[in-house]
Amino acid sequence: MGTQSTPDLSTDVSPLSLSTVAVVGLGTMGTGIAEVLTRAGREVIGIDTDEAAARHAVAALEASTTRAVHRERITERERQDVLARFRTFSDLQAAADADLVIEVVPEDYELKRQVITALDGIVRPETILATGTNALSVTRLAADSQRPERVLGVHFFNPAPAMKLVEVVSSVLTAPTVVTAVTALARDLGKDPIAVGDRPGFVADGLLFGYLNQAAAMYESKYATREDIDAAMRLGCGLPMGPLALLDLIGVDTARTVLEAMYADSRDRLHAPAPILGQLAEAGLTGRKAGRGFYTYEEPGSATTVPDAESPRSADALGAGRTVHSVGVAGSGTMASGIAEVFAKAGFEVVLAARSPEKAEKAKARIAKSLGRSVDKGRLSAEARDAALAAITPAGSLDAFADVDLAVEAVAEDLEVKQQLFGTLDKVCKPGAVLATTTSSLPVVACARATSRPEDVIGMHFFNPAPAMKLVEVVRTVLTADDVHATVRAVCTKVRKHPVDCGDRAGFIVNALLFPYLNNAIKMVQEHYATLDDIDAAMKLGGGYPMGPFELLDVVGLDVSLAIEKVLHAEFRDPGLAPAPLLEHLVAAGCLGRKTGRGFREYARR
């Protein structure tokens, strides 16, 4: 072992000593970080060779603090103190007295290396150097420095003043006390830091960009429209933005750079940038900042989209559908009850058929409870509840579907069971009735082929709980008639659901994008890169997700998740879609999530 060490440089750092911070690069992110630091009492030295960028940073801080005064969050005196703590310069020499330097120059390795190595000859020996990269190797940047033990990554999320997550990234060279000091600083700034190792994308972007890439590939294959892909992920998963709109916000060129770095590290085809990202970037169609990307915007930098050649046609362009007055719902579980409730509240006559009259009555009783809760919460009047319940006729046999205009099955996710049911519907239902399956993972065409009228069969994938979730994936097979498609879209609108069109392939839109993301989160834990809690926190705080991946997996059920993963892997044959062994092991052990009291986490038994 060598004897060279620098204990005096790696053990004397305290978060309180990081009182003066230099921010190199005053673009959107650098300006946001500067605001966070100044408002937390730090002296901030803003450095940018572009004087216009520096002026813009000062103006942005003046505007944000003015808004804070108007909202009575700070006083005018506090505002003046904040502004006094922010000074801008055009030369790196201004960082000489900084305790911490954070570089947020453009995501280019050579440019960042030049900044880090130049700072080596300017700052004090004890100064910490932080890179704001989200895609490049922190280790490589540290190794090029004369003080690798004092170099680390500090990844803020945009907009920095609002987003709570900060990823503190250490390389194998970083001194632990440096990580501790910067982590403590992040907490003092009111952020929620997580400590991670050096790999492209770290936690949040490592999961996010793979998902964004798959969405871009889905759009490129013309499987679904950009509007339907984005609506599906917002309404089906509760995300704040759809993936293609988010790519436009991030910048298509930036996303491609991050994915190139991820693919170079992982060699996972799911990270290989979709060709359309390169095509858009090369054409200068980089998203909002250019005024055009996946969508077209009013002007560069605008968030307002304008119609273009790809904007959806009006509903009238679909043509006329069939008349639907009565609906049959087959099944007695949570999904069947929820779907029956949705149709009854919208004024349809509903026949709810189960395997026995008792099961059907029990399902109707479940609906009555659900409607009662809506009345208690003031979401539904007592009269509307009574009318909805009166519209539901429970039945112990599918024979009761003889006169329905639309039959929707919501039975077990088993192809043989569904095929038998569709064979029965074919015999029972009148000519011209639309036959729909709610499958989330099985081929709709296989259900259609079990009938003598495959043109009447379509997928209507509701999301659980059906009364609350706004999305329905409308799944056409190659045999589905145009008027059947038009009928189902019109029915979705009447029951106040948002229909999205997709073809008959595994996962449709939502599950095909959601479950590879969940699988990659499991792989991160399996590889001991990050903890369950840190990953869940990263995706909620950094990505705006309503639930972290492990919270969601335990709610969905690990057995259900594994089944969907297997279907996706079998359909697309991509090695990156193979279920993570940890998921298979937990399912084999009977740890299925909340329903068994233990999944990725343990739950109190009811």
Side-chain angles (χ1 to χ4, degrees), residues 18 20-40 42-61 64 86-92 94-95 98-120 122-123 127-138 140-142 144-145 150-171 182 185-186 189 191 193 196 198 200-202 204-205 249-251 253-255 257-258 261 289 542:
L18 305 180
T20 301
V21 183
V23 178
V24 181
L26 295 175
T28 302
M29 182 59 79
T31 298
I33 293 170
E35 177 179 338
V36 170
L37 289 161
T38 52
R39 291 181 69 165
R42 264 54 183 191
E43 296 288 330
V44 178
I45 300 162
I47 302 173
D48 200 302
T49 54
D50 183 350
E51 291 185 5
R55 287 195 299 272
H56 183 271
V58 172
L61 184 59
S64 67
F86 184 46
R87 294 168 292 150
T88 61
F89 302 86
S90 59
D91 193 318
L92 278 179
D99 305 307
L100 166 67
V101 183
I102 304 173
E103 72 74 17
V104 274
V105 299
E107 199 74 349
D108 175 88
Y109 173 76
E110 184 55 30
L111 180 59
K112 289 182 182 291
R113 186 193 68 79
Q114 289 174 7
V115 170
I116 296 286
T117 54
L119 286 167
D120 277 336
I122 294 172
V123 300
T127 298
I128 297 172
L129 303 181
T131 172
T133 184
N134 66 342
L136 303 176
S137 169
V138 175
R140 188 177 168 200
L141 288 168
D144 287 337
S145 168
R150 302 186 78 76
V151 177
L152 80 172
V154 181
H155 181 210
F156 286 79
F157 287 74
N158 199 20
M163 300 298 278
K164 287 289 189 181
L165 181 67
V166 174
E167 291 175 317
V168 180
V169 188
S170 57
S171 76
V182 173
L185 171 65
L189 298 177
K191 302 300 182 184
V196 295
D198 183 24
F202 315 128
D205 285 353
L249 175 62
I250 292 168
D253 51 342
T254 301
T257 299
V258 173
K289 60 189 174 186

Subject >> Exercise: identify the closest heavy-atom pair between Pro193 and Val168 >> reply: CB-CG2, 4.2 Å
Original post:
Counting N and O atoms only, with roles assigned by atom type, does the side chain of Ser64 sit under 3.5 Å from a partner on the main chain of Leu61, one being a donor and the other an acceptor?
Top reply: yes
**OP:** Indicate yes or no: at least one non-hydrogen side-chain atom of Glu107 is less than 4.5 angstrom from one of Thr254.
**Re:** no
Subject >> Any residue meeting ring-ring contact (aromatic ring centres under 6.0 Å, His included) with Phe86, in chain and number order, not counting sequence neighbours >> reply: none
Subject >> Evaluation steps, side-chain contact (heavy atoms from CB on, under 4.5 Å), between Val21 and Glu43 >> reply: CA-CA 6 Å; Val21 183; Glu43 296 288 330; over 6 Å; no
**OP:** List in chain and number order the residues that pass side-chain contact (heavy atoms from CB on, under 4.5 Å) with Ile116, two or more places apart in sequence or in another chain; answer none if no residue qualifies.
**Re:** Glu103, Leu129, Ser145
Original post:
Between the main-chain N or O of Ala98 and the side-chain N or O of Thr127, is there a donor-acceptor pair closer than 3.5 Å?
Top reply: yes
Original post:
Can you name the closest pair of heavy atoms from Ile45 and Ala94 and give their distance?
Top reply: CD1-O, 3.5 Å
**OP:** Calculate, to the nearest 0.5 Å, the distance between atoms CG and CG belonging to Leu100 and Leu37 respectively.
**Re:** 7.5 Å
Original post:
To the nearest 0.5 Å, how far apart are CG in Leu189 and CZ in Arg42?
Top reply: 6.0 Å
**OP:** To the nearest 0.5 angstrom, please state how far the CG atom of Leu92 sits from the CD1 atom of Ile47.
**Re:** 5.5 Å
Original post:
When rounded to the nearest 0.5 angstrom, what distance separates CG in Asp48 from NE2 in His56?
Top reply: 12.0 Å
Subject >> Which atom of Gly30 lies closest to which atom of Val104, heavy atoms considered >> reply: CA-CG2, 3.4 Å
Original post:
From Thr257 OG1 over to Tyr109 OH, what is the distance, rounded to the nearest 0.5 angstrom?
Top reply: 16.0 Å
Subject >> Closest approach of Pro200 to Ala261 (non-hydrogen atoms, all atoms of both residues) >> reply: CG-O, 3.4 Å
Subject >> Any side-chain heavy-atom pair of Pro106 and Leu111 under 4.5 Å >> reply: yes
Original post:
Looking at Leu119 and Val101, what are the two nearest heavy atoms and their distance?
Top reply: CD1-CG1, 3.6 Å
**OP:** Apply the side chain to side chain contact (heavy atoms under 4.5 Å, CB included) test between Ile33 and each candidate in Leu26, Asn158, Val23; give the one that qualifies.
**Re:** Val23
Original post:
What distance separates Phe156 CZ from Lys164 NZ, expressed to the nearest 0.5 Å?
Top reply: 12.0 Å
**OP:** Would you confirm whether Lys191, through its side chain, and Ala160, through its main-chain N or O, come within 3.5 Å as a donor-acceptor pair?
**Re:** yes
**OP:** Evaluate whether atom CD of Glu51 has more than 12 neighbouring non-hydrogen atoms of other residues, nucleotides or ligands under 6.0 angstrom away.
**Re:** no
Original post:
Does Glu167 reach the main-chain N or O of Val196 with its side chain, forming a donor-acceptor pair under 3.5 Å?
Top reply: no
**OP:** Of all the heavy-atom pairs spanning Asp198 and Ser137, show the shortest one and how long it is.
**Re:** OD2-OG, 3.4 Å
Original post:
Between Phe157 and Asp205, is any pair of side-chain heavy atoms under 4.5 Å apart?
Top reply: yes
Original post:
Mind checking whether Thr28 and Lys289 have side chains closer than 4.5 Å, heavy atoms only?
Top reply: no
